[in-house]
**Q** 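What follows is a single structure, and I will ask about it in a moment.
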Amino acid sequence: MQYDPASFEQKWRDIWEEKHLHHAVKSDDRPKYYCLDMFPYPSGEGLHVGHWRGYVLSDVVSRYMTLNGYQVMHPMGWDAFGLPAENAAIKKGIHPVIQTEAATSNMRRQLKDMGSMYDWEREVNSSTPEYYKWTQWTFLKAYELGLAYKKDAPINWCPSCATGLADEEVKDGCCERCGTAVTKKGLAQWFLAITKYSQRLIDDIKDLDWPEKVKKMQVDWIGRSEGAEVLFQIDGFEDTVLIFTTRPDTLYGASYMVLAPEHELVSKITTPEQKEEVEAYIVRTSARSEVERQERKDKTGVFTGAYAINPVNGQKIPIWIADYVLMGYGTGAIMAVPAHDERDWEFAKAFNLPIHQVVMTADQAKSLKADGVDFSDSKAVDEAWQKKFAQELYEVPYCECGWMVNSEEFSGYKTEEGKKAIIAKLEAQSIGKSKVNYRLRDWLISRQRYWGAPIPIVYCDKCGIVPVPEDQLPVLLPHVEHYQPSGTGASPLASIEEFVHTTCPKCGGPAKRDTDTLSQWLCSSWYFLRYASYDCQDKPWRREDIDYWNPVDLYVGGIEHAVLHLLYSRFYTKMFYDLGLVGFKEPFKRLFNQGMITKVPSWGGRSIKMSKSKGNVVNPDSLVEKYGTDALRAYLLFIGPPELDAEWIDSGLEGVYRWIRRVWNLATEGKIVEGEEKDPEILRTSHKFIKKINDDLSRLHLNTVVSAMMEWSNFLITKNASTPIAKETLENYILLLAPIAPHVAEELWSIFGHEGGIFETRPTWPRHDEKYLHEDEFKLVVQINGKVRDNIMVSKSLSQEEIEAKAKESSKIASFLEGKTIRKVIYVPNKLMNFVVG
RNA sequence: GCGGGAGUGGCGGAACGGUAGACGCACGGGACUUAAAAUCCCGAGUCCGCAAGGGCGUGAGGGUUCAAAUCCCUCCUCCCGUACCA
């Protein structure tokens with residue numbers, strides 16, 4: 001009987017499907033396990049082996065958990081709305097509905113060929129009205145909670161995709177999707193107030209079982225910083241400027257102020273003499289793209305002619321505008337302390353502005369202390385410092401925290417204390433307070449594109465903004481032939497009269513629909529809830545379903561969603577929690593990011609990420625045909641540690657195929673005896689591997705699981721040349737093989753005479769038994785001064801003295817010990833003995 | 001700049017401070033074959049040596065330890081993330 005995967009792989013997939021084995025149902029006697037893959041967007045290119053890596057991993061876990069007594073839900077669906085699908089459709093001239101349909105059926109077929117245990121009854125497609133009805137509903141819920149608001153603001157605009165983008169979708173100043181440089185555009189858009197959740201998004205991430213890297217990326221993205229807001233009076237005006245600083249302790253060192261060019265006060269305070277120059281500068285900066293703004297060039301800026309008053313010492317300081325101060329962060333205005341901030345220092349140097357040191361260097365403090373200066377006497381500190389260091393020049397701003405100086409009554413304070421004391425002083429005068437700022441901005445969700453869920457909002461002349469009532473959902477996306485983006489900022493839907501004109505749900509009068517669509521990130525921010533309650537018609541989910549299945553126990557996907565999808569989903573989950581719609585605060589308990597598959601392109605060079613555009617994709621379809629899906633699955637595990645990138649080598653797959661074939665040959669042609677294993681060596685070795693494989697499976701060290709399976713079969717094959725192997729041993733082997741190579745495992749299981757497949761009957765999972773691991777003898781490694789000199793077999797019953805005596809009997813050891821004095825003997829029981837000689 | 005990860009044979013990679021290079025690929029030799037492919041067996045870090053054996057070896061250099069790929073310090077290279085966030 002030759003190993004011919006084509007002859008049975010499909011058979012087993014049919015059997016699993018007929019018996020609905022992969023359909024997850026609630027169970028009273030088995031704990032649940034929710035294993036989720038990030039749902040893919042349907043691409044006309046289909047899946048390549050790089051995509052399969054994560055899917056194989058999650059499938060192995062799902063099957064392993066199933067065979068270990070869990071009720072596993074392992075669903076799959078399609079992130080069908082959004083730019084990738086729409087851009088592909090436009091390029092090919094095929095309507096997105098048609099293109100999505102074709103792509104999903106091809107990809108579904110591929111995923112089935114893989115032998116994955118997806119519960120297809122739970123399949124979701126975010127572009128269907130049954131699904132996006134509820135995506136629209138989530139938006140209305142956000143609106144209800146006051147988290148959705150419309151604002152006319154300059155937003156990130158991708159000229160190529162012709163749509164607004166969220167901050168998270170801008171990478172290095174370019175569109176995350178198409179790579180075009182992002183510009184700014186003023187548009188009235190819908191935002192979700194994710195910033196209201198900044199602190200909770202930081203606090204709750206700590207306890208998640210996620211890669212530290214992803215946690216850090218999110219925390220950095222949210223960007224919490226503690227400091228103070230301080231009010232500065234403008235000389236000759238009633239107006240004040242509010243600034244944010246993380247260094248209130250350096251307030252006495254503020255020697256100028258900078259406003260962002262877009263700051264609302266700029267036009268008001270600019271003096272007539274400076275007007276022309278200031279306006280020219282504003283025009284110049286606003287014309288710069290994000291990419292240009294990010295280039296770290298020399299500091300630029302213009303004096304407004306106005307002065308602010310430093311509230312603590314009454315000093316008049318010039319007010320400048322410069323593009324190194326960003327309107328979007330803090331208050332869009334800063335006090336500049338060039339002595340203690342690198343950027344301010346560069347700016348001061350460039351424009352010859354004064355630099356006042358107000359924090360001593362560590363050396364200065366040390367020197368003054370050595371001179372016996374009393375640091376609790378601020379006057380004495382200032383005088384001593386002036387005398388000794390006022391003439392010192394330094395070439396870099398000094399930022400390290402030390403002792404304050406030249407700060408009136410605060411001189412001599414440690415900066416940490418000074419921060420608090422100065423804030424207290426400002427608070428007493430109502431001109432400042434401590435403040436925590438976050439870098440996170442609110443989430444822009446309006447898209448000027450066709451392929452998305454229409455925003456369920458109506459504008460009525462009488463009633464204003466009116467949300468579409470829940471019973472009128474979904475607001476259907478009209479099926480039209482011309483859906484290309486207009487490029488003007490108007491959505492393609494705006495030109496469809498019968499869509500735009502509607503009646504106001506409140507007053508019944510004429511009204512207009514919002515013509516933008518929701519960002520596809522909203523679709524993916526709640527799909528993990530829908531899987532659990534896929535058949536619920538009147539609501540997005542039944543509470544009892546998600547209480548049972550959610551949160552997700554293991555979430556598998558690429559690192560690229562670290563601050564997009566994963567941040568949005570966490571925010572959405574918290575919003576639902578606040579609305580009492582879910583009982584948990586975090587959607588994904590454990591996250592696993594699989595590494596990329598790379599390959600050397602056909603024209604050579606270095607190995608790079610597999611992608612159609614790079615011309616280095618390997619299509620799984622033909623490989624499945626040639627080697628069977630089990631070999632491909634096993635190779636994708638064996639290729640390397642699952643969290644690291646790995647390079648695809650065709651011959652590597654062949655090696656894994658050969659292994660499966662050898663296992664097949666052993667099981668079908670080897671010398672096998674009925675019943676339990678009697679051979680002590682086979683028992684011992686097998687239980688050693690059972691232990692190792694179980695350990696590595698639970699740790700997700702799947703590459704070493706495969707190599708341990710290989711070692712074990714190599715051992716059995718060699719042994720079988722002389723000794724029959726008990727059926728029990730091979731059955732244990734087959735069961736452990738089942739999560740990795742389910743088809744061949746099922747086939748062998750049935751050849752071994754079992755009624756009902758492994759995944760139907762779920763036989764007892766193999767566990768090692770310590771009693772078989774016991775050996776009477778062990779191999780003692782004998783070292784001299786830490787170098788291995790010999791191995792000897794020693795009985796475990798011997799005492800250390802007896803073992804030492806035996807070790808010295810070895811001729812090799814004896815020759816090394818000759819004429820030397822043994823200074824010390826290190827003995828690691830059952831393992832090693834090291835003679836330290838002099 | 002900053003933050004994270006990684007540097008181990010010809011290659012992918014193993015190795016809770018305790019025999020470095022498991023497992024696999026590629027390679028060499030042999031068996032089978034008229035021959036080839038497939039399969040099976042054997043070999044293999046490197047240097048010296050016919051061999052037995054020994055020296056050297058986990059990016060570089062130090063250190064801790066009876067013992068270091070593994071822990072500590074300094075440095076180099078590559079990858080990823082991030083970047084005027086006051």
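Reckoned from all heavy atoms, side chains included, excluding hydrogens, waters and symmetry mates. Note that the structure is predicted; figures quoted are calculated from it, not measured. Quick note on labels: first sequence line is chain A, next is B, and so on, each numbered from 1.
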**Q** Are there more than 12 heavy atoms of other residues, nucleotides or ligands under 6.0 Å from atom NZ of Lys671(A)?
**A** yes

**Q** Any side-chain N or O of Arg661(A) under 4.0 Å from OP1/OP2 of rU39(B)?
**A** yes

**Q** Considering only atom C1', compute the distance from rA69(B) to rU19(B) and round it to an integer number of Å.
**A** 14 Å

**Q** In whole Å, what is the span from the OH atom of Tyr329(A) to the P atom of rA83(B)?
**A** 14 Å

**Q** If you measure from the C1' atom in rU8(B) to the same atom in rC23(B), how many Å do you get, rounded?
**A** 15 Å

**Q** Kindly indicate whether a cation-pi arrangement holds for Lys299(A) with Tyr324(A), taking the cut-offs as under 6.0 Å to the six-membered ring centre and within 45° of the axis.
**A** yes

**Q** May I ask you to verify if any side-chain N or O of Tyr324(A) is less than 4.0 angstrom from the OP1 or OP2 atom of rA86(B)?
**A** no

**Q** Please report, rounded to the nearest Å, how far the P atom of rC80(B) is from the CD atom of Glu212(A).
**A** 22 Å

**Q** Taking atom NZ as the centre, does Lys609(A) end up with more than 12 heavy-atom neighbours from other residues, nucleotides or ligands that are less than 6.0 angstrom away?
**A** no

**Q** Report yes if a side-chain nitrogen or oxygen of Lys787(A) is closer than 4.0 Å to either non-bridging phosphate oxygen (OP1 or OP2) of rC56(B); otherwise report no.
**A** yes

**Q** Measure from the side-chain heavy atoms of Asn791(A) and tell me the nearest of rG13(B), rU19(B), rA86(B).
**A** rU19(B)

**Q** Taking only the C1' atom of each, what is the distance from rG7(B) to rG61(B) in whole angstrom?
**A** 16 Å

**Q** Can you tell me the distance, in whole Å, between the NZ atom of Lys719(A) and the C1' atom of rC41(B)?
**A** 19 Å

**Q** Can you check whether Gln315(A) reaches His356(A) side chain to side chain, under 4.5 Å on heavy atoms?
**A** yes

**Q** Starting at the 5' end of nucleotides 3-8 of chain B, put B wherever the base has a protein heavy atom under 4.0 Å, S where only the sugar-phosphate does, and a dash everywhere else.
**A** S-----

**Q** Give Ile559(A) one of three labels, base, sugar-phosphate or nothing, depending on what nucleic acid heavy atoms sit under 4.0 Å from its own.
**A** nothing

**Q** Where the side chain of Asn703(A) is concerned, which of rA14(B), rA83(B), rA86(B) is the nearest nucleotide?
**A** rA14(B)

**Q** Nearest nucleotide by nearest heavy atom, which residue falls closer to the 5' end of RNA chain B, Thr718(A) or Ile334(A)?
**A** Thr718(A)

**Q** Set out, line by line, the N/O atom pairs under 3.5 Å between protein and nucleotides 24-26 of chain B.
**A**
from	atom 1	to	atom 2	distance (Å)
rG24(B)	OP1	Asn714(A)	ND2	2.9
rC25(B)	OP1	Arg658(A)	NE	3.2
rC25(B)	OP1	Arg658(A)	NH2	2.9
rC25(B)	O2'	Ser651(A)	OG	2.7
rA26(B)	OP2	Arg658(A)	NH2	3.4

**Q** Once you measure the plane-to-plane angle for Trp712(A) and Phe689(A), does it fall in the parallel (<30°), tilted (30-60°) or perpendicular (>60°) bin?
**A** parallel

**Q** For rA67(B) and Asn785(A) - does any side-chain N or O of the residue sit under 4.0 Å from the phosphate oxygens OP1/OP2?
**A** no

**Q** Does OP1 or OP2 of rA86(B) have a side-chain N or O of Ser225(A) closer than 4.0 Å?
**A** yes

**Q** Could you tell me how far apart Gln218(A) (CD) and rU82(B) (P) are, to the nearest whole angstrom?
**A** 12 Å

**Q** Do the ring planes of Phe351(A) and Phe347(A) sit parallel (below 30°), tilted (30 to 60°) or perpendicular (above 60°)?
**A** tilted

**Q** State yes or no: are the ring centers of Trp443(A) and Phe191(A) separated by less than 6.0 Å?
**A** no

**Q** Of the nucleotides rA86(B), rU82(B), rA20(B), which one has an atom closest to the side chain of Val788(A)?
**A** rA20(B)

**Q** Can you tell me how far apart CE (Met257(A)) and CG (Asn310(A)) are? Round to the nearest 0.5 Å.
**A** 8.5 Å

**Q** Checking one value: the base orientation of rG17(B), syn if chi is within 90 degrees of 0, otherwise anti.
**A** anti

**Q** Could you tell me whether Asn437(A) contacts a base, only the sugar-phosphate backbone, or nothing, with contacts defined as non-hydrogen atoms closer than 4.0 Å?
**A** nothing

**Q** Considering only the C1' atoms, how many Å lie between rC27(B) and rU34(B), rounded to the nearest integer?
**A** 27 Å

**Q** For Val836(A), answer base if it contacts any base atom (sugar-phosphate contacts may also be present), sugar-phosphate if it contacts only those atoms, and nothing otherwise; contact means non-hydrogen atoms under 4.0 Å.
**A** sugar-phosphate

**Q** Taking rG28(B) as the reference, what is the distance to rA37(B) when you measure between their P atoms (whole Å, please)?
**A** 11 Å

**Q** Would you confirm whether Lys419(A), through its side chain, and Ala228(A), through its main-chain N or O, come within 3.5 Å as a donor-acceptor pair?
**A** no

**Q** Specify the separation, in whole Å, of atom CG of Leu326(A) and atom P of rA83(B).
**A** 11 Å

**Q** Take atom P in rG55(B) and the same atom in rA68(B), then report the distance between them in whole Å.
**A** 15 Å

**Q** What integer distance in Å separates Asp650(A):CG from rG12(B):P?
**A** 16 Å

**Q** CZ of Arg789(A) versus C1' of rG18(B): gap in Å, rounded?
**A** 16 Å

**Q** Report yes or no: is there a donor-acceptor pair, N or O only, under 3.5 Å between the side chain of Lys831(A) and the base of rU19(B)?
**A** no

**Q** Write down the partner of rA26(B) under the Watson-Crick or G-U wobble criteria, each distance required to be under 3.5 Å.
**A** none

**Q** Taking atom P of rA14(B) as reference, at what distance in whole Å does atom CG of Leu637(A) sit?
**A** 13 Å

**Q** Determine the interatomic distance between C1' on rA22(B) and the same-named atom on rG12(B); round to the nearest Å.
**A** 13 Å

**Q** Is a donor on one side and an acceptor on the other found under 3.5 Å between the side chain of Arg224(A) and the backbone of Asn437(A)?
**A** no

**Q** Does a sphere of radius 6.0 Å around CD in Gln800(A) hold more than 12 heavy atoms from other residues, nucleotides or ligands, not counting ones at 6.0 Å or beyond?
**A** yes

**Q** As a test of reading the structure: which of rC66(B), rC84(B), rC56(B) is closest to the side chain of Ile826(A), going by heavy atoms?
**A** rC66(B)

**Q** Angle class for the Tyr635(A)/Trp648(A) ring planes (parallel below 30°, perpendicular above 60°, tilted otherwise)?
**A** perpendicular

**Q** Identify, between Pro641(A) and Met217(A), the residue whose nearest nucleotide on RNA chain B lies closer to the 5' end.
**A** Pro641(A)

**Q** Pick base, sugar-phosphate or nothing for Phe816(A), based on heavy-atom distances below 4.0 Å to the nucleic acid.
**A** sugar-phosphate

**Q** Base, sugar-phosphate, or nothing: which does Gln783(A) touch, judged by heavy atoms less than 4.0 Å apart?
**A** base

